[in-house]
Amino acid sequence: MDAFFKNHLDKSVNGHTPLVRSITVEIIPPSLKNNTSPAESLMRAAEKAGCTGGFELPLPVVRRLSEIMARSGPQIRAALYQQGTWGRIVDVSPASENRPVYGAAVDVGSTTLVFALINLDLAEVVNEISLPNPQIQYGADILTRAHYADKGPGLETLVSSLRNSINQGLREICREPGIDPRWILAASMAGNTSMTHYLLGLPVSTLIREPYVPVINRVQGLTAAGLGLDMAPRAPVLVSPNKGSYFGGDLMAGLAAAGFNQVEETCFLVDVGTNAEVVLGQKDWLIGAAGAAGPALEGGVASMGMVAAPGAIDQVRIDRESKEVHYRTIGNLPPQGICGSGLIDLYAEMFLSGLIDFQGKLTLPRGHERLMETDEGPAFVVAPAGETASGRPILFSGIEIDILTRSKAGMFTILSTVLKSVGLTFDQISRFFVAGTFGQYINPRMAVAVGMLPDIPLDRYIPLGNSSLKGAMLALVSADTRRAIHEIWDRLTYLELNVNQEFMNRFSAARFIPHTHKHLFPSVGSVIR
């Protein structure tokens, strides 16, 4: 059993409880002395397996049962989906094939789709892949896509492009292990509210206009055929519920993966993507807020910004005396741009080296080799033209620095406002979970240095990686996780920041590096040279 699954299932009350499980049945062929039909025998087996409250036996499964018995004999392996005492026979196969039950978990991201193929019998990861979200061609950001969806066949285009790409991912993830996609008998998917609406084929116009509410929060009873997915047609599909326009199913899945339904201590979780989504709480209460702090970390601020891909600068160090820049790229390739972790590193190192002051203003004198004049004003040369893949220098302009300063101020202000709403201080936070690409690659020490994250002991920062995918994976193998996602949904209270005057006051104070109130960042100290 994979360590990831074992760690969570060992802590769960009900242990390994897959969404779909297999039962082996010997069906006595009908005769003059036995007038019980094969379908009736299969239904009785399902009752013995716990489906005493009724179950569904779809006609195509009955047809396939008849064909298998005629070809392979009476030993049948049936895949059973069960909710409480009610169930459905998803598929049948010859017992001699001894085929595992497979499930697919999908993180339906606005930039990237990430897939995991799971052996549900063993709770093991068989394969993982990722694909770019094809909707990007219709809009790099969620808002642009939403406006595109409002025009003519825009919604249908976005829905079909997403579903086609998911089907492509299902085929590709099955290719290496040699599995037929029709053997995937369950799926679990998590995405932000907009992506969930596209997956379900729902309009997104209500998400971008007052009163900014989803068409639906929780949906049940979905099947692969109903969503046009190329897997077993009657396979159940779980879609993690959204709480509102800014709090999507990806966050619910991530909170479940982090165990927020079980923790006794007060913890933070922050997930930075299109927006910064922040949740504070523990098993009995949860409060959250969202705001625009994410785009700066996805390459939306710097002209040379890019996602974390080969050729992206992901780490920067600057010599305090010589001001010489040392950087690392993903794949050790010539730099093409700079990703989120590289941006935060660069920003912090420039501050700690005295290349920008506490207001985020460049301090290099005119004529310095690292200073270049552009149409948008002075810019810092991160990598000269001779070192880059494009033959153009990678620059970080004063305007971009100012935007990033606003972005980091937004992040810290969201955190501090949520915290103060319940009368707590940062030193009372036991663990600080950081999800997504931001959490996987960001250096907390650098984020603290510029006042983006609070100045708490670094060992309290816990990277979660792709918590959305992890939550979706756990939902496939754990009834406790499936229940936890909905318990978290019930307990989470959303804090509206747009009408919060204190938020604006704190934001102004956080626009300095690391902060107007330097006592909040004692570890940063007086380090500018």
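Here, residue 1 is the first one in the sequence, and each next residue gets the next number. Keep in mind the model is a prediction, meaning the values are calculated, not measured. These values consider heavy atoms only, across backbone and side chains, with no hydrogens, waters or symmetry-generated copies.
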Checking the side chain of [X] only, and the main-chain atoms of [Y] only, is there a donor and an acceptor separated by less than 3.5 Å?
X      : Y      : result
Thr193 : Gly244 : yes
Ser165 : Ser161 : no
Asn167 : Asp230 : yes
Arg145 : Gly139 : yes
Asn133 : Thr112 : no

Would you call [X] and [Y] a salt bridge, using N to O less than 4.0 angstrom?
X      : Y      : answer
Asp150 : Arg209 : yes
Arg77  : Asp121 : yes
Asp284 : Arg491 : no
Glu265 : Arg431 : yes
Arg44  : Glu40  : yes

Non-hydrogen side-chain atoms of [X] and [Y] separated by less than 4.5 Å:
X      : Y      : result
Glu128 : Phe115 : no
Val477 : Leu120 : yes
Thr111 : Ile136 : yes
Tyr461 : Leu453 : yes
Ile456 : Phe432 : yes
Arg234 : Ile89  : no

If we ignore angles and hydrogens, is there a donor and acceptor under 3.5 Å between the side chains of Arg88 and Gln82?
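Judged by distance alone, the side chains do not pair up.
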So, Asp480 and Ser478: side-chain donor and acceptor under 3.5 Å apart, yes or no?
no
Look at the aromatic rings of Tyr494 and Tyr246 and report parallel, tilted or perpendicular, splitting at 30° and 60°.
parallel
For atom [atom1] of [X], decide whether the heavy atoms of other residues, nucleotides or ligands shown that lie under 6.0 angstrom number more than 12.
X      : atom1 : answer
Gln137 : CD    : yes
Arg182 : CZ    : no
Phe55  : CZ    : yes
Leu333 : CG    : yes

Residues 191-220 vs ring pair (Phe, Tyr, Trp, His ring centres under 6.0 Å), sequence neighbours excluded, gives none
Sorted by chain and number, sequence neighbours left out, side-chain contact (heavy atoms from CB on, under 4.5 Å) with Pro177 holds for Leu117, Val126, Asn127, Ile179
Partner set under side chain to side chain donor-acceptor pair (under 3.5 Å) for Ser194, not counting sequence neighbours
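If we apply the side chain to side chain donor-acceptor pair (under 3.5 Å) test to Ser194, skipping adjacent residues, there are no hits.
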